Amino acid sequence: MKKQITVGVIGCGYWGPLLIRNFKSLSECRLKSVCDLDIARVKHACALYPEVEGLTATERLIGAGDINAIIIATPVKTHFSLAKASLLAGKHTFIEKPMATSSGECEELIDIAKRKGLVLMVDHTFLYSAPVRKIAEIVQAGDLGEIRYINSRRLNLGLFQKDINVAWDLAPHDISIILHILGESPVAINCQGNAHVSPGIEDVTNMSLFFPHKRFATIQSSWLEPRKIREMTIVGSQRMIVYDDLQTREKIRIYDVRVVRPAHYDTFAEFHYSYHYGDSYIPHLQQEEPLSLACRHFIECIETASQPMTSGREGLELIRVLEGASASLKMNGAPFVFGANGADLAPAHSGDGAHHKAKRNPRTTRSSRVLVRGVV
Ligand SMILES: NC(=O)c1ccc[n+]([C@@H]2O[C@H](COP(=O)([O-])OP(=O)(O)OC[C@H]3O[C@@H](n4cnc5c(N)ncnc54)[C@H](O)[C@@H]3O)[C@@H](O)[C@H]2O)c1
């Protein structure tokens, strides 16, 4: 019989209880303990699940001999020290996004996990969601043609964070989706923003990520918008997708539209752009809570000693993009070129001029592997 994995969760604030609920509901593991510095949050979690042990000292949870895996859902500035202690104690570790506050911290965590043979997973939740899985599948099949650009908007009023700006809070979702869909890393980034409410903490940012072969992505993030917007447009040479995460049923719409420049013309009168207006359609999505799939994936990776789809490596790539965005913010939006400092991103592909073809997309290939394993 398979040995049940015993889990502990650190952080019972806003997001922690969702993880607690999901790990509690998985038959493949046993949620033994939860921990928070704030006793009121521990009492809240234990009132929901009386059989779970409540702690306020993280050392007790990390040091517990019978706990195999630790989930970290605390503020970003605490991720590194908690994850390091967890890995050094020999526990498989699941960290909430964003993985840490610097790429150096991420590299250290990846290194410890590798040395100790432990699973290190970062919760890039959206990659486990049905719409993003479907988009990756469509792009991978080449149905959109060449991806020209992606535009993403994640806007609403609040929740203001005290230790990170809106780019570090909201944009990780967009960045993780964009890197996953495009399957490569940006070569440069620029980011502009302003802190209107809390001094020094930008509450609105606009960033542009530049990829090889003239592809780019724009991400608008704000805590100051009257309407909640969660929208992404993926523009391909043959088709386009609009992904509206706030829709309950019709989250993805695929538009069979494109504009083609005539290959040859002799006179201006002959010159016409060719506009193609085809159908639009809404693919059926098998809805399942993305966080539940992410939690199951973590447990399955422990059982099978395999690399998660969103491992420390993907966490690190995302942090590097955020570091580039922060550097650009400090330069009032001047572009930050990765690689210029010698230690930044290397594009995920070699430049053979064909990596817009999604078949070569390593991230989507990785997601297919997950599908085969039956996790998502
Ligand atoms: N994946 C997602 O979609 C998603 C959504 C929201 C939040 N998050 C992430 O989850 C993490 C937590 O965010 P939140 O909104 O729940 O924050 P929160 O402030 O609501 O909760 C954090 C909790 O951690 C506790 N805490 C702080 N330091 C601690 C320590 N050293 N040891 C034990 N407990 C400690 C606090 O008392 C608090 O209860 C962040 O990394 C955030 O980015 C992810």
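In listed order, ligands and their atoms are each counted from 1. Note that the structure is predicted; figures quoted are calculated from it, not measured. Start at 1 with the first residue, then count along the sequence.
In this structure, Q161 has no heavy atom closer than 4.0 Å to ligand 1. Note on ligand 1: H79 sits in its first shell, one or more heavy atoms being nearer than 4.0 Å.
In terms of polar-atom proximity, T78 is not counted as a contact of ligand 1, lacking any N or O under 3.5 Å from an N or O of the ligand.
In this structure, atom 3 (O) of ligand 1 is in close contact with the protein, since a protein heavy atom lies within 4.0 Å of it. Contact annotation for atom 34 (N) of ligand 1: protein present (non-hydrogen atoms, distance under 4.0 Å).
Side-chain heavy-atom separations under 4.5 angstrom define the hydrophobic clusters, and the remaining members of the one that includes I72 are I10, L55, L61, I62, I67, I70, L82.
In terms of modelled atom types and a separation under 3.5 Å, the side chain of D203 and the main chain of L224 share no donor-acceptor contact. Within the 3.5 Å criterion, the main-chain N or O of V242 finds no donor-acceptor partner in the side chain of K251.
Within the 4.0 Å heavy-atom criterion, neither part of D169 lies near ligand 1. Of the heavy atoms in T58, only side-chain atoms (C-beta onward) come closer than 4.0 Å to ligand 1. When heavy-atom distances to ligand 1 are checked against a 4.0 Å cut-off, D36 comes that close through both its backbone and its side chain.
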Could you pull out every donor-acceptor pair under 3.5 Å between side chains of residues 33-46 and any protein atom, sequence neighbours left out?
from, atom 1, to, atom 2, distance (Å)
S33, OG, E53, OE1, 2.5
D36, OD1, D38, N, 2.8
D36, OD2, C12, N, 2.7
D38, OD1, A40, N, 3.0
R41, NE, C12, O, 2.7
R41, NH2, C12, O, 3.2
R41, NH2, G13, O, 3.1

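Distance from atom 11 (C) of ligand 1 to its nearest protein heavy atom, with residue and atom name: T74 O, 3.4 Å.
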